[in-house]
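Remarks on the structure that follows.
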2 protein chains.
Amino acid sequence: MEKTDKRTSILNAAEKLFASQGFEGTSTRQIATEAGANMSMINYYFGSKEGVFMEIMSNRIKGFSLALTSIEAEDLNQLEKLMMVIDQYTRRILDNIAFHKMMHRELSLSQRPEMYDKLKQAMSGNLMIIERIINEGIAQGEFRSVDVRMVIASIMGTITNVVTSPSKITAGSKLDIKIPADREILTERLITHLKDLTKTYLTPQK
Amino acid sequence: MEKTDKRTSILNAAEKLFASQGFEGTSTRQIATEAGANMSMINYYFGSKEGVFMEIMSNRIKGFSLALTSIEAEDLNQLEKLMMVIDQYTRRILDNIAFHKMMHRELSLSQRPEMYDKLKQAMSGNLMIIERIINEGIAQGEFRSVDVRMVIASIMGTITNVVTSPSKITAGSKLDIKIPADREILTERLITHLKDLTKTYLTPQK
DNA sequence: CAAAACTAATCAATCGTTTGATTGATTGAA
DNA sequence: TTCAATCAATCAAACGATTGATTAGTTTTG
């Protein structure tokens, strides 16, 4: 029943270690041990340690902007569209916390400019969808006139803040973001907050 | 007139390099070269590379929660207090972008638990001040009943998002966060947004 | 049997740290 | 005033350990 081939077990081990220790802080020997593979298998399959990193990123990037584009085409008002985007985007990120942490950390470094551009391009698609929805809502008078880029920064920033510093939210409670059931609770709580925040902020009070 | 002693020039060089390359990604030889000092001076003054990191963090932590505490005592309503906190907190962070980026990156790692606790403790003071202000505002009926921890996550997250990914905000414009004049513009824009967001969200519409 | 998958051993390079010697200024008794 | 002693500061060189990567050989598989 051991159906995990060495190649993917290396990818999984590397992602886990990169997320908790950083790229530079993780050695190829650690990855190999964690994956239950020989050290040279890393270079055999991926060419180099950086190749492993690139492969992880590439795999994750694929299909990240797929679900969001369909929302834009649906026959809904802009607020409903925005609520759906927040819902899906938040769930996607909280289902891939390790990757999201790793991404944010390594991209704040000035190394790996190629991966930076690659990821920036992939993410800008998502950003533009949200930007278009809000701008459309403003144009139609459905939303107040606001600083759209800053609103997006608030939405994204809130999610990232919860993912990278969950203890600030859960302090005092018994919740632990590493436990799936607790993470589900936290996800719903975050979505509820973000929807309430954006709806209240963007919808003009009569 | 060369008044920069080796000790502080090592600290400055290290902070600059840590901010752009990460702790693990920066070698002691790099630090020494950048500081114009001999490699062994690092261990002579700070004991180890990690000692340099600790010293930088300790220096920055000092006096970070000083300005905020005075606000709480002032004779203002909770909204006015919150506006002042947002104003000062945002300015402080955008005046120390390199440190803030370095802090967030290294603290998202599972290493250096001692520094993690130290910083967490220092920051929790700031968090508690904001939390108390909002809770007080809710109790007095000045604010709507909201998820306080999530509101704080939105405020902090927005600032961090702008600091770590300024290009998402400035894309299309000629602004560059590395240029002091542009950074000032961005700071004011961020403060305006955060004040507008929190005021609109927390103040109940009649 | 040949290609693919895998292993142990080893490579040169770099890491953080330590060593032992040297410098220049300061001190205190002669 | 002089001179030896002492001090922190600085240096080049080297330390052992670890790094990412490669080799050459073995096993597995289709």
Side-chain angles (χ1 to χ4, degrees), chain A residues 1-59 102 105-106 109-116, chain B residues 1-59 102 105-106 109-116:
Chain A
M1 284 299 110
E2 276 297 325
K3 199 67 254 319
T4 48
D5 70 301
K6 286 275 160 66
R7 209 189 110 95
T8 54
S9 71
I10 287 175
L11 285 174
N12 291 337
E15 179 167 355
K16 178 180 165 186
L17 290 170
F18 286 162
S20 69
Q21 307 182 348
F23 178 81
E24 310 276 359
T26 302
S27 72
T28 54
R29 284 165 180 80
Q30 266 186 295
I31 297 172
T33 303
E34 178 78 26
N38 188 280
M39 216 172 41
S40 63
M41 285 295 93
I42 292 169
N43 301 85
Y44 178 72
Y45 282 120
F46 307 102
S48 68
K49 178 183 164 184
E50 186 154 337
V52 179
F53 179 79
M54 294 295 188
E55 176 98 2
I56 294 172
M57 297 303 254
S58 298
N59 288 346
M102 168 177 128
R105 184 178 333 104
E106 302 305 332
L109 265 21
S110 55
Q111 10 260 61
R112 274 175 288 288
E114 31 171 347
M115 181 47 71
Y116 181 83
Chain B
M1 284 299 110
E2 278 295 328
K3 200 67 254 322
T4 47
D5 70 302
K6 288 274 161 64
R7 208 189 112 96
T8 53
S9 71
I10 288 175
L11 285 174
N12 291 336
E15 179 166 356
K16 179 180 164 186
L17 290 170
F18 286 162
S20 69
Q21 307 181 346
F23 179 82
E24 310 276 359
T26 303
S27 72
T28 54
R29 282 165 181 80
Q30 265 186 297
I31 297 172
T33 303
E34 176 79 23
N38 188 279
M39 218 171 37
S40 62
M41 288 293 93
I42 293 169
N43 301 85
Y44 178 71
Y45 282 121
F46 308 101
S48 67
K49 177 182 166 186
E50 186 154 337
V52 179
F53 180 80
M54 294 294 188
E55 176 99 359
I56 295 172
M57 298 301 256
S58 297
N59 288 346
M102 169 177 128
R105 182 176 336 103
E106 302 304 332
L109 265 21
S110 55
Q111 12 259 63
R112 275 175 288 288
E114 30 172 350
M115 180 47 72
Y116 181 83

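Sequence lines set the chain letters: A, B, ... in the order given, protein chains first and strands last, and positions in each chain run from 1. On a predicted model such as this, the values are computed, not experimentally measured, just so you know.
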ask   = What string of B, S and - do you get for nucleotides 15-23 of chain C, 5' to 3', if B is base contact, S is sugar-phosphate-only contact and - is no contact with any protein heavy atom under 4.0 Å?
value = BBBBB----

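Annotation: the span from A:Glu15 atom CD to A:Thr8 atom OG1 amounts to 12.0 Å, rounded to 0.5 Å. Rounding to the nearest 0.5 Å places CG of B:Asn59 at 5.0 Å from CD of B:Glu55.
Heavy atoms only, all atoms of each residue included: B:Val52 and B:Ala14 are closest at CG1-CB, 3.5 Å. Heavy atoms only, all atoms of each residue included: A:Phe18 and A:Arg105 are closest at O-NH1, 3.1 Å. The two atoms that bring A:Ala13 and A:Ile31 nearest to each other are CB-O, 3.9 Å, heavy atoms only. Contact record, A:Gly36 with A:Lys6: O-CE, 3.2 Å, taken as the closest heavy-atom pair.
Whole-Å rounding puts the B:Ile31 CD1 to C:dT14 C1' distance at 15 Å. Distance B:Lys6 NZ to D:dA8 P: 18 Å, rounded to the nearest Å. Separating the CZ atom of B:Arg7 from the C1' atom of D:dT10 is a distance of 16 Å, rounded to the nearest angstrom. Rounded to a whole Å, the CG atom of A:Asp5 is 18 Å from the P atom of D:dT28.
Here B:Phe46 lies out of heavy-atom contact (under 4.0 Å) with every strand.
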